[in-house]
Amino acid sequence: PKPSGDPSAMQMKSYACQRRTPLKHHNSFLTEALEILSQNAEYNDNEGRSVAFRRAASVLKALPCRVKSMEDLRCLPCLGDHSQRVIKEILEDGSSREVESTRQSEQFQAMKALTGIFGVGVRTADRWFREGLRSPDDLIRTGQQLNRAQQAGVQYYNDLQKPVTKVEADVISDIVEKAVHSVLPGAEIQLMGGFRRGKEVGHDVDFLITHPEEGKEEGLMPKITNWLEEQGLLLYQKTTRNSYLEKMDGPARPPNNMDRFERCFSIFKLQTSAVRYKSNFTAPAEDVSTGRENEKPSERDSEESGWRAVRVDLVVSPYSQFAFATLGWTGSKLFERELRRWAGQEKNMSLSSHALYDSKQNLYLRAKTEEEIFAYLGLEFIPPSERNA
Ligand code: DGT
Ligand code: MG
């Protein structure tokens, strides 16, 4: 028997949704490298390769201690030859040449800068890169045609690059709650995404909204955005019907009420005074500092203007789908992906943020809680704080 501190001693399950993955782990020196390669594969439109590196990184996040030698990896799943080569080099030399040259490459840096603009995906960024453009400034300089989202993305680029803190997310929660309750008393609001998993910073703030009386949530989103707009709290918003299911969930046929699922991509105008005020009451002094003090001043200094731009996603779900929506919007993205893969490959079921369909029984499985969904899937319940796959 191996000593318990040995990573190879534990039985590592191969799907991320079968494992507990905490936020803080022992192998960032390896996972960050693998995630650079994953990101790069994504920039090159190679999804399979991107997911393979991400799965490898995720396995290392679930280990109870730091990897010291290749021997530690002997019994681990999801580590392909390429990932192993990279890990070996880092263990032996302290860094991987492939990772470092990728990180430094003009293409990687430009793609990172361009896809970092709100409203810009890999396809668009790649086209711009091949036209010689490298940064948001290049887009402005050359007078590129931008849609409304991209215009906002460029306009608020500096603010949106800064991580959103938990205190900022809490201030926005208060605002969203006030907006929602003003237009629909009794509605329920839940903070989703990374913040629900316990992250201290995020790239945006995600909310899920519902009402216990099914049907009351219909037409809610425009009322919320109108209220916010009247208060001058929105810099940008676009509400869309949720098209996620058609795009990503394959054979699951939506139940009839599916088309009520709405999503609003927005940019909030957040008063920095409100954040300062809240942090005085809720966080110890060191948490108030966001590390921005040493940064180059951005073009539009939020300290001076008194506000900053923050990306906020709002989703409205009918009550009957709330458990599925909660599970689907908590993430991480890899955890979600693995849940769906598990459902399909191991259980002959189809999982989405709306429903769970059992292809053997030919029926939709109802659930009121996340726990019930894990149970249907034959999985041990993993709490949000351990879904950081
Ligand atoms: P962040 O914001 O970068 O700190 O990290 P997350 O985990 O909050 O990531 P985010 O905000 O992109 O997405 C939140 C979760 O919602 C994510 O973990 C998976 C899920 N999600 C994202 N986009 C979609 C979508 O279009 N449809 C559905 N159903 N879920 C989505
Ligand atoms: Mg998020």
Side-chain angles (χ1 to χ4, degrees), residues 14 16 21 23 25 27-63 67 70 73 76-139 144 150 153-154 157 160-163 193-194 199 201-204 247-248 311 331-338 340-341 388-389:
S14 68
T21 314
L23 191 60
H25 61 88
N27 291 292
S28 347
F29 75 112
L30 297 173
T31 60
E32 277 164 16
L34 293 169
E35 280 168 349
I36 294 275
L37 298 183
S38 168
Q39 188 89 72
N40 193 241
E42 205 178 306
Y43 293 156
N44 287 296
D45 203 22
N46 192 336
E47 202 194 351
R49 194 175 159 96
S50 173
V51 175
F53 283 126
R54 213 163 281 279
R55 281 204 193 108
S58 183
V59 161
L60 304 181
K61 292 180 189 177
L63 287 173
V67 173
M70 292 308 282
L73 307 176
L76 298 180
C78 308
L79 296 177
D81 289 344
H82 198 152
S83 292
Q84 295 203 33
R85 257 196 334 270
V86 171
I87 295 169
K88 185 161 185 279
E89 208 182 332
I90 296 174
L91 290 174
E92 287 170 0
D93 306 339
S95 67
S96 143
R97 273 163 302 169
E98 184 187 2
V99 172
E100 294 319 313
S101 71
T102 301
R103 210 198 293 270
Q104 302 305 326
S105 80
E106 190 177 19
Q107 189 204 14
F108 184 82
Q109 293 195 357
M111 287 298 285
K112 195 174 157 149
L114 294 171
T115 56
I117 304 169
F118 172 63
V120 178
V122 167
R123 292 255 163 85
T124 306
D126 184 59
R127 176 164 51 80
W128 284 336
F129 175 74
R130 284 185 282 108
E131 287 169 13
L133 305 168
R134 299 291 178 263
S135 69
D137 282 343
D138 289 350
L139 302 181
Q144 288 299 309
Q150 295 163 347
V154 168
Y157 186 74
L160 300 184
Q161 285 296 100
K162 295 181 204 157
K199 279 177 71 174
V201 293
H203 98 282
D204 67 359
K247 271 197 278 187
M248 311 193 52
R311 275 273 300 116
S332 68
K333 284 199 189 90
L334 184 69
F335 192 91
E336 301 294 337
R337 193 185 179 106
E338 293 280 277
R340 295 195 298 270
R341 191 166 69 94
N388 289 292

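Being a predicted model, the structure only gives us computed values, none of them experimental.
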### Task
Taking the side chain as every heavy atom from C-beta outward, state whether Y43 and T115 have any atom pair closer than 4.5 Å.
yes
### Task
Report yes if the side chains of D138 and W128 come closer than 4.5 Å at any heavy-atom pair, otherwise no.
no
### Query
Are any of the side-chain heavy atoms of I87 and L60 separated by less than 4.5 Å?
yes
### Between CD on residue Q144 and CD on residue Q150, distance to nearest 0.5 Å
10.0 Å
### Query
Which is it for R85 and E89 under the salt bridge (Lys or Arg N to Asp or Glu O under 4.0 Å) test, yes or no, and what are the steps along the way?
CA-CA 6 Å; R85 257 196 334 270; E89 208 182 332; over 6 Å; no
### Message
The test is side-chain contact (heavy atoms from CB on, under 4.5 Å); show your working for L63 and L76 and say whether it passes.
### Response
CA-CA 10 Å; L63 287 173; L76 298 180; 4.0 Å; yes
### Task
List the atom of K61, the atom of N388, and the distance in Å for their closest heavy-atom pair.
CD-O, 3.9 Å
### Task
Run the numbers on R337 and E47 for salt bridge (Lys or Arg N to Asp or Glu O under 4.0 Å), then give the verdict.
CA-CA 12 Å; R337 193 185 179 106; E47 202 194 351; 3.1 Å; yes
### Query
Between S332 (side chain) and A389 (backbone), is there a donor-acceptor pair under 3.5 Å?
yes
### Query
So do R311 and F118 actually touch side chain to side chain, heavy atoms under 4.5 Å?
yes
### Side chain proximity check, K112 to Q39, heavy atoms < 4.5 angstrom
no
### Message
Has S50 got a side-chain atom pairing as donor or acceptor with S38's backbone, closer than 3.5 angstrom?
### Response
yes
### Query
Can you check whether R49's main-chain N or O pairs, donor with acceptor, with N46's side chain at less than 3.5 Å?
yes
### Task
Please lay out, stage by stage, how F53 and H82 fare under the test side-chain contact (heavy atoms from CB on, under 4.5 Å).
CA-CA 9 Å; F53 283 126; H82 198 152; 3.7 Å; yes
### Message
Looking at every non-hydrogen atom in both residues, tell me the closest pair between I117 and Y157 and how far apart they are.
### Response
CG1-CE1, 3.7 Å
#### Entry: Under 3.5 Å donor-acceptor, D126 side chain and V122 backbone
no
### Heavy-atom side-chain proximity of E42 to R54 below 4.5 angstrom
yes
### Message
Do N44 and Q107 pair up side chain to side chain, a donor and an acceptor below 3.5 Å, judged on atom types alone?
### Response
yes
### Task
Please name the pair of heavy atoms, one in I90 and one in A33, separated by the smallest distance, quoted to 0.1 Å.
CD1-CB, 3.5 Å
### Side chain N40, main chain T102, donor-acceptor under 3.5 Å
no
### Gap between atom CG of L139 and atom CG of L114 - 0.5 Å precision
6.0 Å
### Task
Dump the intermediate steps for salt bridge (Lys or Arg N to Asp or Glu O under 4.0 Å) on E100 and R97, then the final yes or no.
CA-CA 5 Å; E100 294 319 313; R97 273 163 302 169; over 6 Å; no
### Query
Within the side chain of S58, is there an N or O that forms a donor-acceptor pair under 3.5 Å with the backbone of R55?
no
### Query
More than 12 non-hydrogen atoms from neighbouring residues, nucleotides or ligands closer than 6.0 Å to CG on D93, yes or no?
yes
### Task
Mind listing the closest non-hydrogen atom pair of C78 and V59 along with its distance?
CB-CG2, 3.8 Å
#### Entry: Derivation and outcome, salt bridge (Lys or Arg N to Asp or Glu O under 4.0 Å), residues R341 and E338
CA-CA 5 Å; R341 191 166 69 94; E338 293 280 277; 3.0 Å; yes
### Query
Quick check: does any side chain N or O of E35 sit under 3.5 Å from a backbone N or O of A57, one acting as donor and the other as acceptor?
no
